[in-house]
Amino acid sequence: FSILSIRQSEKAFQRGYPNLAFDDDEKPPEETKEEPQTADIEAKTAKGLLSCNRLQCACQLTMVSCVFWIQFRYATCCEVFLMVIGLLCSAIHGIALPLMCVVFGDMTDNFVQSGQQYFTNLTSMSNATVFLNSTVGCIQVPGVDIQAQMTKNAYYFVGIGCAVLLLGTFQVMLFLLTATKQTKRIREKYFHAILHQQMAWFDTHQIGVLNVRMTDDINTINEGLGDKICVFVQFFCTFLTGLIIGFVFGWKLTLVILAISPLLAGSAAVWSKILATLTSKELSAYAKAGAVAEEILVAIRTVVAFNGQKKAVEKYENNLEDAKNYGIKKAITTNVSMGLTQFVIFGAYALAFWYGTKLSVDEPENYTIGKTITVFFSVMIGAFSLGQGAPNLEAIAKARGAAYEVYKTIDQPRPIDSSSKEGHKPDHVRGDIEFKDIHFNYPSRKEVKILQGVNLTVPRGKTIALVGASGCGKSTTIQLLQRFYDPDLGQITLDGHDIRTLNVKWLRENIGIVSQEPVLFGTTIAENIRYGKADATDEDIERAVKEANAYDFIAKLPDKLNTMVGERGAQLSGGQKQRIAIARALVKNPKILLLDEATSALDTQSESIVQAALDKARAGRTTIMIAHRLSTIRTADVIAGFSNGQVVEQGTHRELMAKKGVYYSLVMQQSHGNPEVEDTSEDNSLPDYNDLVLYDMAYTEDSHALEGENGDLGGNSIHRVSLRRKSTKKKPKKSKKEKKEDESNLPDVPLSRILAMNKPEWPYLLFGVLASLVGGGVYPCVAILFAKIIGVFAEIDPEVKRQKTLMFSLLFLLIGGVAFVTYFIKGFMFGKSGELLTMRLRKQVFNAILRQEIGWFDDHENAVGVLTTRLASDASLVKGATGARLGLLTNCICTLTIAIVVAFVFCWQLTLLILACVPFLIGANFIQMRAMAGHASKDQGALEQSGKISTETVENFKTVVALTREDVFFYKFMDSLERPYKNGLVKAPIYGLTFALSQAIPYMVNAAIFRFGAWLIAHCYTQYENVFLVFSVIIFAAMNIGESSSFAPDFGKAKTAAARIIKLLEKDPEIDIYSEEGKKPSDFAGNIEFRGIHFAYPTRQNVKVLQGLNVSVGPGQTLALVGESGCGKSTSVQLLERFYNPAEGQVLVDGQDAKTLNLAWLRSQLGLVSQEPILFDCTITENIQYGDNSRVVSQAEIEEAAKKANIHDFIMGLPEKYNTSVGDKGTQMSGGQKQRIAIARALVRQPKILLLDEATSALDTESEKIVQQALDDARLGRTCIVIAHRLSTIHNADKIAVIQNGQVAEQGTHTELMAKEGAYFALVNAQVNH
């Protein structure tokens, strides 16, 4: 029984009781943890058994205790009191096992005495003391009432079991309750702290890291605050009690057993170190692969446009290779350490029983078999308990480490804090602004001088325009005024007050901002506008929408103002996003208006009206404008020209033109020598690639993820739109039903199909299974030896006793050797096969994902986060269902077969009773596992909701802060935590009860078994040795079955994962990039024709984008597509790239339907420069090389392309030159710099057809003219399709097509169309005359 106790407690506690309410957060792909498969559980077990060095743990305990209480700093007095009660329960619970050893030893003595007396009397056949019961044929021994003694012991068992049930429930429940409360508090405080950090802090802290802290680190703290502490205390008390009992009952044997500790401790130190190193290396390798996958999937359109799939898969696979190698080493290390531990433990059995026998012969008055067993198991359980406590201690230490980082952020001093009540709040704002000798460098890039002595005065009610090249400090000036940063030198004053003396929130509330990159949040249009002013009425919103010229397009939408805009406004075109951002700024009626390229993304028709609206909005307000498009700022009261971080000239348009300085040269460059012609330019426009009108998002990609948020957003607004309230209630049900249907759509995958995935590794699996088969016999053999050794003590002859014990002890040692070998073989074989399978599946899945058509990625079920999570987890889940599980099943079947056969042979009656009890033992285990797994998905969903809110807020922090909406998002976040918090409170008692049940049931079962055993012995149905043998052998089998049943949830997940993988691998995309089919014409002229094209996007079939588009362009000609946002210009380019197939009509390339051409060949002929260029997180050289993935692009070609794109000089000025990293998504570059690198990337492949989707939109005036000239040169001899809002850039196009409502309204040359005085004429006039 005590062996059972060791294994039972070991298993139960190493799994731990995670608080699922706060455990599984949404994970960034690179951080998704693998499911705990067999190897991992064995690894934990090994760690537990190996780490039994008490000195080592004592040192660790001392270290932890120094700052242990720091992580409880957010606990209330009541919670501290509950935790103290929990600790007391744990301490008393810890005494139960050693106490049980005493009862067990006493019981063994009773059995042995009855056996000895029976043996003695049987041999002497003394008729005086023995009589034959004629009915039973059983010799009864007077003086030995085995049944009475066993009844007493049975009561002890039941008593201890009841105590364990009560104490176990309370210890776990109290700690989980307090941990849930504290974790919620910490999450809220951490999110609040992040929301109120200064901008400089964000420049040095990666967004991804903050999101990981918000999820993983706080989950780690939660583990450290939860039941890990009470479990450690329980183990520690078991250890102390075990030692005390050992020394009281037999100090000599105790010292001998303790002598083994250094051996276990030494191996523990070595293996733990190796294992920790390998695990961290494996995780970091997988994290790199996950990051690669995420980067590629985010930029999937760029990847496919440049035929980069092969390179992407190679890059991903290279990162997987390292992880595979570390995984194999980890599996071997884990199993070798497990095997070594088994060997040492069986060695301990051998030594203890051999020495115990010696002592019982030499000192029969002090040592009996019962005392030997009591001492041995008390000390062993004690030693192991400390080792098993170590992982819990480790979890507490990890929590302390995570708490240090999280609490450091919470305690971080915040010099610029929007939540601060400090600072002056003037009664009214006049609007006089002055910049006095401002010097500034960004804290993250101290070496780069941005502003170097800016002096600027903005009188109240006046408009000042800032002009200059990209990166000269215009946007920085605006950020300093909003107090995103404080200047290094100088001061900024508002109405004579230094803005550092004003209240931060008050200051920002009085400033309206429309930035270069409009950020919208994943909610309705109305709510997005209401973020500008929390108490805005519906009338206010409508007025602002009309002022921003957004009313007409919103009115056409099915849900109007209640339409969901998607994550980051992804379902709107750039112009639509910008107009909503303008409405958001105007709704608050600010005293100071900051316009950072406010009209840059608008088409010509909207732009002139919005500009007029902005001119009207400027009246009576102090306005600072940033513009590259100089015609938009002619009416400014003052124009300030920036150069090298200084204001080099200022004055009105007329004054500066007369000066013929910097401004004059910019105007002349932009208007091509004619100051009257308007030319458009922008710093960075962010229209979505899908240049479309928004549609009802009830079934689109972001609605599913954001359903829960809608209600929260509404709840935080004083006014809410009633229609939106109705629609959000309906949507979740719909999507849940859809999700259920999707799960049921997965094919049913039998185990044979999953194993077939591992087919290439069959030799590894075969040897692994054989090793498991042998390993399955180890524990039944140990059980038999254990019973035999106890049986030896019934021997009267000391010499026979010694010889038999020696033999059995050596057999223990032999079994230890067998266990070591089988563990090693299993570890290597299953480790290798599992890692090879995981790597192969990940590669296949990634390959299959990249093979899918773009329409597949538009589906919300295939969002980037979903796909990266699947890549990380699905393959590893399948791994757990193949080799390791196969080994476990083999092991269990072998163990069970041997056990049942042996048990029935030796005592079938007791075997039947034990088998009847086995379901209870397995049930206890199963209930425990099910309780832990129950409703986890519900909590995960709720926490994904809070994760989504925190991610969206942190990623768009600048917008949140500028709008002073930190509190709105904070309360949204708090609301999202409410459900998992309540679930956590409800579940704590359930976890406590199931834990206690699983701990208490074995005590009850044992009471029944040994009481019945005593009856069988008393009635001569069996001998006591057989009772021990049957009990040990069956219990070990039950333990194995219990262990394997605990993997049932994992197997279910593995089947689902395998089904998902198989479904994806078998899916044939409509547009297959890997297909070798299709023609590859040797001579390609470049004749393009769109014939009768009808098209709607797959995810929104109800919105017709193209409705009979007919337009063509001849070889070497330039076709310009113009029209308002959402008319289908970018869509036509995507159809030519074959991102989608048209519903009707044909795209003809040299007279052949594009569908009949080889897809990779077709795309290799196209050079795309899109509206929103995506760069990869690598060097400038590698980004430009990406333009042609079919060959190695030379450095000379790269530099030539860079020169053509006017980026070469800038690159040469960088410290690392062409080896400079552009950062994640090109964040280290300005918008103009990114666009020029993207142009160089397109030019380097020397395409036959050039597709320019607003290619020069993000360039400043100086660069724009040169790049436009470079593009004009690049167009020579090439067919070119240009999309432009800026009509002056397309005057010289061979053909201009005006697209309205998905059709060509008119087409011809500039001159022809101007003569017609139709739609094009109106567009040009609107742009020139405004």
Side-chain angles (χ1 to χ4, degrees), residues 1-6 52 97-116 119 153 241-264 342-384 781-816 1023-1025 1027-1029 1031-1032:
F1 170 74
S2 301
I3 304 173
L4 155 69
S5 306
I6 294 174
C52 63
L97 262 182
L99 211 58
M100 180 79 140
C101 294
V102 177
V103 178
F104 190 76
D106 187 42
M107 185 185 74
T108 308
D109 273 345
N110 291 336
F111 275 129
V112 170
Q113 281 165 15
S114 73
Q116 279 177 338
F119 184 73
N153 288 327
T241 315
L243 272 190
I244 292 165
I245 288 173
F247 279 109
V248 168
F249 280 80
W251 63 270
K252 285 182 182 174
L253 186 57
T254 302
L255 289 175
V256 168
I257 297 166
L258 289 179
I260 301 163
S261 294
L263 195 59
L264 279 171
Q342 294 289 337
F343 180 71
V344 173
I345 289 168
F346 292 144
Y349 278 31
L351 180 64
F353 286 120
W354 171 78
Y355 188 61
T357 311
K358 185 178 180 300
L359 288 172
S360 68
V361 172
D362 296 345
E363 303 175 33
E365 68 285 353
N366 293 330
Y367 287 91
T368 60
I369 180 61
K371 282 190 177 177
T372 302
I373 283 176
T374 297
V375 170
F376 177 69
F377 285 116
S378 293
V379 176
M380 287 299 275
I381 286 173
F384 291 155
C781 290
V782 168
I784 293 167
L785 285 179
F786 178 60
K788 288 291 177 191
I789 278 192
I790 293 175
V792 167
F793 280 80
E795 289 285 349
I796 309 298
D797 185 352
E799 200 52 44
V800 175
K801 198 185 282 189
R802 269 205 183 101
Q803 283 173 0
K804 282 190 176 179
T805 309
L806 183 61
M807 180 183 73
F808 290 136
S809 298
L810 290 172
L811 283 174
F812 262 126
L813 215 51
L814 178 66
I815 289 173
Q1023 293 176 23
Y1024 83 92
E1025 185 185 310
V1027 171
F1028 276 98
L1029 194 150
F1031 167 76
S1032 307

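All residue numbers refer to positions in the sequence shown, counting from 1. Here the structure is a predicted model, which means the values were calculated and not measured.
Pairing each heavy atom of K801 with each of T357, the nearest pair is CG-CG2, 3.8 Å. Across all non-hydrogen atoms, the minimal contact from F247 to T254 is N-OG1, 3.6 Å. What you find for L253 and G356 is that their closest heavy atoms are CD1-N, 4.2 Å. Summarising the geometry of T805 relative to W354, their closest heavy-atom pair is CG2-CA, 3.8 Å, with the distance given to 0.1 Å. Heavy atoms only, all atoms of each residue included: K252 and Y367 are closest at N-OH, 3.3 Å.
Formation of a donor-acceptor pair under 3.5 Å by the S378 side chain with backbone atoms of C101 is not found in this model. No donor-acceptor pair under 3.5 Å is formed between the side chain of T108 and the backbone N or O of G370.
Using a 4.5 Å heavy-atom cutoff, the side chains of L258 and V379 are in contact. Side-chain contact between I260 and V344 is present, with at least one heavy-atom pair separated by less than 4.5 Å. With contacts defined as side-chain heavy-atom distances shorter than 4.5 Å, the pair Y355/I257 does not qualify. Annotation: side chain of I345 is in contact with side chain of M380 (closest heavy-atom distance under 4.5 Å).
Here the CD atom belonging to E363 is positioned 8.5 Å from the NZ atom belonging to K358, to the nearest 0.5 angstrom.
With sequence neighbours excluded, the residues that form a ring pair (Phe, Tyr, Trp, His ring centres under 6.0 Å) with F812 are Y349.
Tested against D109, the residues T368, T372, T374 include a single side chain to side chain donor-acceptor pair (under 3.5 Å) partner, T368. No option in F376, F1031, F377 other than F377 meets the ring pair (Phe, Tyr, Trp, His ring centres under 6.0 Å) test with F786.
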